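Take a look at the structure below.
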Amino acid sequence: MSQEHQPICTQETQKLIAKLRACPAVEKGLAQAEEQHQQRINEQVQLTEVPAPPFHEEERAKVFAQLLADAGIPDVHQDQIGNVIGRLKGIGNGPTLVIGAHIDTVFKEGTPIKVSQEGTKYFAPGISDDAAGLASLLQVVRSITQQGIKTVGDIVFVGTLGEEGNGDLRGLKLSLKSRTIMTECLPLTQLTFTEFSEEAWVANVTVLFLKV
């Protein structure tokens with residue numbers, strides 16, 4: 001990627017990244033993500049081919065929940081509307097970081113979703129938005145758990161429902177109201193993300209941010 005297309009990153013954030021990358025386990029986790037690139041692609045394809053039209057995300061949510069558990073999270077559950085939630089416990093009393101990606105797609109029920117491949121490119125409705133986000137989230141979990149990376153606070157991984165269209169971000173809104181998830185959440189002030197609420201900042205791995 002050329003320099004002019006690099007994401008904007010503040011000096012404060014660059015220093016934080018450098019500090020994190022000085023940790024051998026973090027460097028190994030990043031290397032692992034590159035090594036497991038094809039596994040991430042395979043999971044992205046798998047999730048894409050499970051229907052998740054607006055208000056009918058149940059099947060994909062179940063598949064994602066199992067993949068999240070397989071990636072190394074011991075406690076995965078669904079809330080009252082079906083959001084998939086997995087928590088990695090920290091080793092201290094630090095704030096909680098929430099990372100999310102949405103499960104639903106914008107495409108209506110009955111849309112053909114079989115993935116086709118041309119060389120290194122994959123094509124299907126919803127393979128980017130947001131099967132890519134879900135697969136990336138799974139890779140983050142694997143890199144943390146398999147490299148034994150320990151955090152002071154908890155990290156909560158959330159697959160939300162109802163992001164698209166008339167779903168009106170219902171899954172994200174419920175997550176923001178959940179005291180179980182959002183109590184003492186980490187304000188990601190070093191990152192150039194859009195604020196979701198006064199209580200917490202939430203990083204969406206697909207880099208799509210909407211203020212609610």
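On a predicted model such as this, the values are computed, not experimentally measured, just so you know.
The side-chain hydrogen bond (donor to acceptor under 3.5 Å, both in side chains) check on Q36 picks up Q32, Q139, R142, Q146, with sequence neighbours excluded. With sequence neighbours excluded, no residue forms a salt bridge (Lys or Arg N to Asp or Glu O under 4.0 Å) with E35. Residues passing the side-chain hydrogen bond (donor to acceptor under 3.5 Å, both in side chains) test with R40, sequence neighbours excluded: Q44. For I149, the side-chain contact (heavy atoms from CB on, under 4.5 Å) partners two or more places apart in sequence, or in a different chain, are A25, V26, I144, Q147. Every residue was checked against the salt bridge (Lys or Arg N to Asp or Glu O under 4.0 Å) condition with K19, not counting sequence neighbours, and none meets it. In terms of the side-chain contact (heavy atoms from CB on, under 4.5 Å) criterion, residue partners of Q117 (sequence neighbours excluded) are, by chain and number, Y122. Q46 meets the side-chain hydrogen bond (donor to acceptor under 3.5 Å, both in side chains) test with no other residue; sequence neighbours excluded.
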Sequence neighbours left out, cut at 3.5 Å: what donor-acceptor pairs do the side chains of residues 150-161 make with other protein atoms?
| unit_1 | atom_1 | unit_2 | atom_2 | d |
| --- | --- | --- | --- | --- |
| T151 | OG1 | G153 | O | 2.7 |
| D154 | OD1 | G90 | N | 2.7 |
| D154 | OD2 | R87 | NH1 | 2.8 |
| D154 | OD2 | K89 | NZ | 3.3 |

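F107 and V115 end up in different hydrophobic clusters when Ile, Leu, Val, Met, Phe, Trp and Tyr side chains are linked at under 4.5 Å. Placement of I127 and V63 in two distinct hydrophobic clusters is found when ILVMFWY residues are connected by side-chain heavy-atom separations under 4.5 Å, directly or transitively. No continuous path of ILVMFWY side-chain contacts below 4.5 Å connects L134 to F123, so the two sit in separate hydrophobic clusters. Taking hydrophobic clusters as Ile, Leu, Val, Met, Phe, Trp and Tyr residues chained together by side-chain heavy-atom distances below 4.5 Å, F64 shares a cluster with V140.
In this structure, L138 CG and E43 CD are separated by 5.0 Å, a value rounded to the nearest 0.5 Å. Distance CD1/I113 to OG1/T105: 7.5 Å, rounded to 0.5 Å. The CD1 atom of I103 sits 11.5 Å away from atom CD of E163, with the distance rounded to the nearest 0.5 Å.
Heavy-atom minimum distance, P74 versus G72: CD-O, 3.4 Å. Across all their heavy atoms, G29 and S143 have their closest contact at O-OG, 2.9 Å.
Under the 4.5 Å side-chain criterion, counting only non-hydrogen atoms from C-beta, Q39 is not in contact with H37. Between V45 and N42, every side-chain heavy-atom pair lies at or beyond the 4.5 Å cut-off. Taking the side chain as every heavy atom from C-beta outward, L68 and L137 approach each other to under 4.5 Å.
For residues 59-77, the set of pairs meeting the salt bridge (Lys or Arg N to Asp or Glu O under 4.0 Å) definition, not counting sequence neighbours, is empty. Under the salt bridge (Lys or Arg N to Asp or Glu O under 4.0 Å) criterion, the residue pairs touching residues 20-34 are R21-E27, with sequence neighbours excluded. Within the structure, every pair that satisfies the salt bridge (Lys or Arg N to Asp or Glu O under 4.0 Å) test and touches residues 93-122, not counting sequence neighbours, is listed here: E49-K114.
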Legend entry - side chain to side chain contact (heavy atoms under 4.5 Å, CB included) assessment of V76 paired with V84: CA-CA 7 Å; V76 178; V84 177; 3.9 Å; yes
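Applying the 6.0 Å contact sphere to CD of Q38 captures more than 12 heavy atoms from other residues, nucleotides or ligands.
When hydrophobic side chains of Ile, Leu, Val, Met, Phe, Trp and Tyr are connected at separations under 4.5 Å, I17 ends up as a singleton with no cluster partners.
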